[in-house]
Amino acid sequence: MTSLLALTPASLLALALMLWLLSGVLSWLVAVFARLSSLISGLGGMLASLAAMTAALQIVHGGPAQAITLPLLHFAAEFSALNGLLLLAMSVPALFCSLYACAWLNAVNSRTRARTGLLCNLLLAALAAASVSANAVQLILMMELAALCAYFLIVQSDDVKSRRAGLNQFLSGRLGTLCLILAFALLHHTSGSVNFEVLRQATLTPGIKSAAFLLALAGFGLYAGIIPLHAWVPQSHSSAPAHAAALFSAALMKIGIIGIVKVGLDLLGAPPLWWGLMVLLLAILTAFIGGLYALMEHDLRRLLAYHTLENVGIILLGVGGAMVGVALDLPVLASLALLAGLFHLFNHGLFKTALFLGAGEIEMQTGIRDMEKLGGIARLMPWTAVAVLIALMSMAALPPLNGFASEWLLYQSLFQLSASKVFIARLLGPLLAVGLALTGALALMCIAKVFGVTFLGAPRSQAAADATPAPLAMTLGSLLPALLCILSGVASPWIIPHFSGVAASVLNTQLMPFARNGAAVSGTSAVCAPMIALLLLAMPLLPWLIASLLRGARLPNRVRGDAWACGYGHSAEMVVTATGFAQPLRVMFAPLYRLRQRATPAALVAALHRGWLGAFCRRLAFIELAVLLVVAFA
């Protein structure tokens with residue numbers, strides 16, 4: 001690790017890219033040797049992730065943005081605090097996914113092992129290169145390469161469900177790429193360049209800027225999964241391997257979010273007010289609908305995918321708030337909102353990685369994805385249950401975890417928005433805060449549903465009853481990011497200033513002191529995360545100590561038997577089901593649930609998923625991937 005720290009960020013990033021590429025190719029070549037292939041892919045990915053993390057930390061604290069050419073690779077990169085943060089937010093989940101892959105790849109057949117090991121590492125290399133791209137051509141090229149890798153990860157099962165999911169992802173990705181090409185072609189026509197540094201200095205008319213922003217919002221929004229551009233997200237996360245799905249959520253979709261930040265706040269200058277208002281409305285729609293649809297899902301990974309949409313909306317609330325703050329010349333609002341969005345972007349990668357990898361462990365050990373057929377898993381897979389519970393609590397923004405810290409900052413920014421002198425801002429601030437609170441309530445219900453139905457109660461199938469703990473590497477893959485959720489939540493007052501520095505560099509403003517003396521501060525409000533952690537630990541421990549001291553010579557604790565069932569013998573059928581848990585919401589929000597069916601008519605879906613179109617897109621994807629690899633290496 002000391003030798004890594006001695007290298008420059010450019011050398012570290014070049015090393016990471018080469019490690020991802022070489023380990024992916026070597027694991028593909030020796031795929032018939034299960035143990036060797038899985039170790040090459042997994043350990044190579046872990047070393048590459050560590051190198052990328054080290055480079056990212058140096059870039060974040062490296063001062064003003066600078067143009068760098070990566071050694072050996074001759075790749076033009078831009079090292080800025082925003083790019084470094086995106087690289088860090090992707091490489092940390094990549095580390096745990098590679099650890100998980102060490103065990104998962106060893107348990108599958110050689111064909112799946114060869115494809116998954118190669119494609120996952122190629123996906124990570126493309127995303128890392130995209131995160132530091134210095135011009136639009138490289139950015140679009142790397143995003144397209146990453147999207148094609150994702151497509152082949154989705155369709156490798158070659159069943160009807162996977163083919164439909166792959167086709168949705170392929171069509172959405174190509175449409176997003178087309179929108180981005182049009183956006184940057186428009187900017188190139190006006191400025192004469194697609195280099196980001198030149199675009200920052202270019203003088204653009206308001207009409208050109210708005211047209212480019214709308215095209216870029218659609219293009220990056222398709223990658224990020226903004227509702228209503230989200231059709232590919234749930235099916236893709238359910239069809240790909242669990243660690244690949246974690247990378248979709250924690251890395252691939254983050255490129256879309258940072259793209260919106262870069263275009264809306266960096267490349268095109270100060271945004272007009274209506275840009276920020278549009279992003280805010282799309283954000284709250286994405287957050288609320290994502291949380292609402294998640295509660296109706298029984299497939300654990302589809303449920304988590306919808307919650308990724310919810311968190312994409314929460315992150316974009318911060319981005320939209322920053323755009324509004326810049327438009328209204330409110331630097332505190334802009335800095336606080338962007339800080340909250342960027343901090344939640346990093347936090348989401350941690351808890352969503354733990355959740356997807358935990359879901360993958362359950363699927364590996366039971367062969368089941370449907371929560372209705374699980375139950376009682378906590379006793380059989382205790383460490384997986386602990387990791388998933390911590391990550392669920394972080395997703396629901398419960399203190400003192402990291403999800404609470406970032407959402408608390410977001411609430412503070414919405415309160416700042418409510419105090420604005422502009423009427424539309426004073427109107428939207430409270431409404432958005434209420435919408436965020438409703439989204440949090442849905443996330444709390446999701447904790448009860450997922451953990452209660454999946455991990456508690458009695459097993460509802462023989463496969464669930466026969467479950468055993470996952471291999472150590474897989475268990476650590478979900479447990480370690482869950483522990484980081486605790487650490488980054490408790491230590492948030494010391495972490496927040498670093499994210500505040502990134503926000504200040506994007507907005508080109510002075511650093512706002514949003515954390516001091518161990519407490520995160522905004523205006524007159526403060527919260528001390530370490531103190532909250534101590535109080536929460538003391539709440540259950542103190543009554544237990546008092547009861548132990550005052551117990552005296554009472555009878556010993558009784559041995560627990562079956563749950564009380566009104567005098568009847570307890571059976572697995574009496575345990576609450578996922579369907580029954582969510583039924584009141586299904587009735588209450590029936591019009592919103594029917595909206596999905598009306599927005600995607602059955603005739604249109606049937607026409608899109610005819611056999612010839614899927615086969616044509618698969619051949620086209622293979623040709624495009626081959627061409628892009630040749631272009632990238634050339």
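In this text, all values refer to a predicted model and were calculated from it rather than measured experimentally.
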Inset, instruction - Taking Arg618 for its side chain and Gly166 for its backbone only, find out whether a donor-acceptor pair lies under 3.5 Å. - result: no
Legend entry - Whether Phe499 and Phe346 hold their rings parallel, tilted or perpendicular, with breakpoints at 30° and 60°: tilted
Inset, instruction - Report the relative orientation of the aromatic rings in Phe213 and Trp274; use parallel for angles under 30°, tilted for 30 to 60°, perpendicular for over 60°. - result: perpendicular
Inset, instruction - Using atom types as modelled and distance alone, determine if a side-chain donor or acceptor of Arg369 lies under 3.5 Å from a backbone N or O of Ser238. - result: yes
Inset, instruction - Name the orientation class of the two ring planes belonging to Tyr306 and Tyr293 (parallel below 30°, tilted from 30 to 60°, perpendicular beyond 60°). - result: perpendicular
Inset, instruction - In plain terms, say whether Asp299 and Lys161 are close enough for a salt bridge, that is, a side-chain N and a carboxylate O under 4.0 Å apart. - result: yes
Inset, instruction - May I ask you to decide if Ser236's main-chain N or O and Ser239's side chain share a donor-acceptor pair within less than 3.5 Å? - result: no
Inset, instruction - Determine the interplanar angle of the His237 and Phe248 rings, folded into 0 to 90°, and report it as parallel if under 30°, tilted if 30 to 60°, perpendicular if over 60°. - result: perpendicular
Legend entry - Non-hydrogen atoms of Gly403 and Asn347 that approach each other most closely: N-ND2, 4.4 Å
What pairs of donor and acceptor atoms, side-chain ones from residues 140-156 against any protein atom, are under 3.5 angstrom apart with sequence neighbours left out?
from: Glu144; atom 1: OE1; to: Arg174; atom 2: NH2; distance (Å): 3.2
from: Glu144; atom 1: OE1; to: Thr177; atom 2: OG1; distance (Å): 2.4
from: Glu144; atom 1: OE2; to: Arg174; atom 2: NE; distance (Å): 2.6
from: Glu144; atom 1: OE2; to: Arg174; atom 2: NH2; distance (Å): 3.3
from: Gln156; atom 1: OE1; to: Thr116; atom 2: OG1; distance (Å): 3.3
from: Gln156; atom 1: NE2; to: Thr116; atom 2: OG1; distance (Å): 3.0

Side-chain polar contacts of residues 422-448 - donor-acceptor pairs under 3.5 angstrom, sequence neighbours left out - could you list them?
from: Arg426; atom 1: NE; to: Ser420; atom 2: O; distance (Å): 3.4
from: Thr439; atom 1: OG1; to: Gly435; atom 2: O; distance (Å): 2.9

Inset, instruction - Determine whether Leu300 and Leu355 make a side-chain contact, defined as any pair of heavy atoms from C-beta on separated by less than 4.5 Å. - result: no
Inset, instruction - Identify whether the distance between the nearest side-chain nitrogen and carboxylate oxygen of Lys262 and Glu78 falls below 4.0 Å. - result: yes
Legend entry - Residue pairs fulfilling side chain to side chain donor-acceptor pair (under 3.5 Å) with at least one residue in residues 244-254, sequence neighbours excluded: Ser249-Thr308, Lys254-His348
Inset, instruction - Consider only side-chain N and O atoms of Asn83 and Ser131, and report whether a donor and an acceptor are under 3.5 Å apart. - result: no
